[in-house]
Protein chains: 2
Amino acid sequence: MDDSSTPGRSRPAQQAHCNSCSLSTLCLPVSLDLTDIDRLDTIISKSSPLKKGDQLFDQGQPFGSIFAIRAGSVKTYSVTADGDEQITGFYFPGELIGLSGMDSGQYPNAAQVLETTTVCDIPFARLDDLAGELPELRRQIMRTMSREIRDDQQMLLLLSKKTAEQRLATFLIRLSERFRIRGYSRTRFRLSMSRNEIANYLGLAIETVSRLFTRFQKGGLIQVEGKEIDILDLQQLYLQSGECPSLRQAP
Amino acid sequence: MDDSSTPGRSRPAQQAHCNSCSLSTLCLPVSLDLTDIDRLDTIISKSSPLKKGDQLFDQGQPFGSIFAIRAGSVKTYSVTADGDEQITGFYFPGELIGLSGMDSGQYPNAAQVLETTTVCDIPFARLDDLAGELPELRRQIMRTMSREIRDDQQMLLLLSKKTAEQRLATFLIRLSERFRIRGYSRTRFRLSMSRNEIANYLGLAIETVSRLFTRFQKGGLIQVEGKEIDILDLQQLYLQSGECPSLRQAP
DNA sequence: CGCATGTTTGACGATACTCAATGTGTGTGG
DNA sequence: CCACACACATTGAGTATCGTCAAACATGCG
């Protein structure tokens, strides 16, 4: 079996088709016209399905491509000097990964697949060329990076100021919103990451996360069964989260 | 006295001159040729000196410009639902602020001046136009955003995994490096932010920061006198910080 | 079916926070 | 120029939240 750590090589790369992709309103093609999307298509290749645990890229690996998720989910993480990892984000269909590698020429973090996942491989050199010709593409890339900065800073606030309870409530609410935007239920979904990964991401011990799930369930806020979660009282969860309502997007 | 919350308006804006600016190797003009820098100059205006406490922009304010620091220092912070603030970064000469406002059309955080500071006001719409014509400028903007993402993610790691001691050591080391790059001493410098701001940034209580300064001093690592700091044992401080040596830039 | 991995629950303890008082600097006005 | 006020900083004592350790329990895969 061939090495699937460099997606798109394990089998001959397939060309992607943004035009027919249901994610085009969330992903890079936003606000491109059909002609421009076709040009984007020519540089993008779709990976064969990656399976849980496959690396999209490793920390320190030379930066070459950014990746758009077509289906599945991915985590990014940095590794510290003493070997333990810090998860910096979870990514879902339509989202872009790898942009933080642009500056230094190598990925400053690693990306690993959480479940069976397919991605679009977008060679950065070619994307950059295209960005020079298509102003809307350029803007969309920048907007994506801008959003990433904003989201990371929101996480700084969470890690610095919020209690364990608020962190988990915030986490669930943000997931809920992201699923909603993608057309899924905002109250019933599957957590593709493990408790350990949730804990790591939220800066908590796994035991704390486990206890909180139990407490939220006893309080009637949620119903959990393994990775399946059902949010029973989104309103109450929102109050627990300490989130600022003004930052919500208009429906 | 006129409102200086919108710098560049309090007095007639002066044109900036990147060509003669000593920061051009750190700032936006990196890798632009002289002709291109001249074009950049035409859209940039230099602010009159801002004084401690002045706002560069407020959270939620419509996004219009990004700012480059010429002299002084600035903090950015987000405000939570219940009113307390989280500092998301400190910025020094040659660094760019405000890029996170691109996506949503309003600044998701606020920026406040820590000491007497002058900045360059760069209207984003015009910068964006210029980015369409100058590929190197486009790349530099993207690299800047990429670096911001990387730095924020480093902070996530710090807040999530490091002890109070490691956080402060890391903070001092990173400052040291940034001063070195700017041609200042890497062992003696002035902290333009208060203890409170350091504590806030590092996700600690002010008392903890104060105790750590004392402990570091007793341990012979540093010498503090108010805002003046002298790093006596950079090596040891580095060991305390738990930072990964591989991430250091080549000298 | 059994091992491995992941999750839950409990008891205990440490790190860092809160509260409170004292100490130090800085700017203002007499 | 000094005294006062105010913000900022330091130091101490007590405590709470969350992490660590440990064991039982569930889940899933070969």
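Letters A, B, ... mirror the listed sequences (proteins, then strands); counts begin at 1.
In terms of the salt bridge (charged side-chain N to carboxylate O under 4.0 Å, His left out) criterion, Lys161(B) has no residue partners (sequence neighbours excluded). Partners of Arg211(A) by salt bridge (charged side-chain N to carboxylate O under 4.0 Å, His left out), not counting sequence neighbours: none found. Under the rule for a salt bridge (charged side-chain N to carboxylate O under 4.0 Å, His left out), Glu207(A) has no partner lying at least two apart in sequence or in another chain.
Distance CD (Gln217(B)) to P (dT11(D)): 9 Å, rounded to an integer number of Å. Ile198(A) has its CD1 atom 18 Å from the C1' atom of dC18(D), to the nearest Å. Rounded to an integer number of Å, the gap from Asn200(A) CG to dG6(C) C1' is 15 Å. When the C1' atom of dC8(D) is taken as reference, atom CD of Glu197(B) falls 11 Å away, rounded to whole Å. Rounded to whole angstrom, the span from the CG atom of Leu202(A) across to the C1' atom of dT17(D) amounts to 16 Å. Distance, Leu191(A) CG to dG6(C) C1': 14 Å, rounded to whole Å. To the nearest angstrom, C1' of dA9(D) lies 16 Å from CD of Glu228(B). In this structure, Leu168(A) atom CG and dC18(D) atom P are separated by 12 Å, rounded to whole Å.
Side-chain contact between Asn200(A) and Asp84(A): absent, with no pair of heavy atoms (C-beta onward) separated by less than 4.5 Å. In this structure, the side chains of Gln154(B) and Arg174(B) come closer than 4.5 Å at one or more pairs of heavy atoms.
The closest donor-acceptor contact from the side chain of Arg150(A) to the backbone of Gly101(B) lies at 3.5 Å or more, if one exists at all.
Note on Ser210(A): a base of the nucleic acid sits closer than 4.0 angstrom, heavy atoms only.
Judged purely by distance below 3.5 Å, without hydrogens or angles, the side chains of Ser73(B) and Glu115(B) pair a donor atom with an acceptor atom.
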Heavy-atom contacts, protein to nucleotides 14-25 of chain C, under 4.0 Å, summarised as B (base), S (sugar-phosphate only) or - (none) per nt, yield --SSBBB-----
What string of B, S and - do you get for nucleotides 25-30 of chain D, 5' to 3', when a contact is any protein heavy atom under 4.0 Å? ------
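Rounded to the nearest 0.5 Å, atoms CD1 (Ile222(B)) and CG (Leu168(B)) are 6.5 Å apart. We find the CD-CD1 distance between Glu95(B) and Ile97(B) to be 8.0 Å, quoted to the nearest 0.5 Å.
Contact between the side-chain N/O atoms of Lys227(A) and the OP1/OP2 oxygens of dG6(C) is not found at any separation under 4.0 Å.
None of Lys75(B), Arg167(B), Met155(B) except one satisfies the side chain to side chain contact (heavy atoms under 4.5 Å, CB included) rule with Tyr201(B); the exception is Met155(B). Applying the side-chain hydrogen bond (donor to acceptor under 3.5 Å, both in side chains) test between Asp230(B) and each of Arg188(B), Gln223(B), Gln217(B) identifies Arg188(B) as the sole match.
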Secondary structure of DNA chain C in dot-bracket form (Watson-Crick or G-U wobble, distances below 3.5 Å, | marking inter-strand pairs): ||||||||||||||||||||||||||||||
